[in-house]
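For the numbers below, each heavy atom of this structure counts, side chains included, while hydrogens, waters and symmetry mates do not.
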Amino acid sequence: MDKNSPEYWYKKGIEVGNMGNHEGALECFNKAIEIEPTFIDAWFYKTLALRNLGRYEEAVECFKKVLALDKYHKLKNTNKMPIKKKNSK
């Protein structure tokens with residue numbers, strides 16, 4: 001896959017994040033977004049990476065971008081924001 005494609009960085013971000021490297025995943029998602037600013041899946045997973053890093057305020061702002069880009073309600077079945085702090089009610 002071409003390293004200049006947003007899909008490359010998106011998939012790499014998921015792979016790196018699944019290994020527990022959330023900072024590395026965040027870098028990958030940022031590269032994907034830099035190439036394709038409206039890549040909603042990269043924005044969504046960037047939100048998750050920020051949350052996993054404990055950067056909740058940034059995650060909320062990032063998720064607002066996801067919602068703004070979600071014109072066709074791709075995430076309509078998402079029943080809660082993925083920002084909730086771990087172990088909070």
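Applying the side-chain contact (heavy atoms from CB on, under 4.5 Å) test to Glu27 and every residue at least two apart in sequence or in another chain returns Glu23. Every side-chain contact (heavy atoms from CB on, under 4.5 Å) that Lys64 has, sequence neighbours left out, goes to Val60, Glu61. With sequence neighbours excluded, the residues forming a side-chain contact (heavy atoms from CB on, under 4.5 Å) with Glu36 are Pro6, Thr38, Phe39, listed by chain and number. Remark: Lys31 engages Trp9 in a side-chain contact (heavy atoms from CB on, under 4.5 Å) (not counting sequence neighbours). Every residue two or more places apart in sequence or in another chain that forms a side-chain hydrogen bond (donor to acceptor under 3.5 Å, both in side chains) with Asn30 is listed here: Lys46.
Contact record, Gly24 with Asn21: N-OD1, 2.7 Å, taken as the closest heavy-atom pair. The shortest non-hydrogen separation linking Ile40 to Leu69 is CD1-C, 4.0 Å.
One hydrophobic cluster, built from ILVMFWY side chains closer than 4.5 Å, cannot hold both Ile14 and Leu26; they sit in different ones. Phe63 and Leu50 end up in different hydrophobic clusters when Ile, Leu, Val, Met, Phe, Trp and Tyr side chains are linked at under 4.5 Å. Ile35 is not connected to Val16 by any chain of hydrophobic side-chain contacts under 4.5 Å among Ile, Leu, Val, Met, Phe, Trp and Tyr, and they are in different clusters.
Residue Tyr56 holds its OH atom at 15.0 Å from SG of Cys62, rounded to the nearest 0.5 Å. Going from atom CG of Asp41 over to atom CZ of Phe29 covers 9.5 Å, rounded to the nearest 0.5 Å. For the atom pair Cys28 SG and Tyr8 OH, the distance stands at 7.5 Å (nearest 0.5 Å).
Residue-environment remark: OH (Tyr10) exceeds the threshold of 12 foreign heavy atoms within 6.0 Å.
One N or O on the side chain of Asn52 and one on the backbone of Leu48 form a donor-acceptor pair closer than 3.5 Å.
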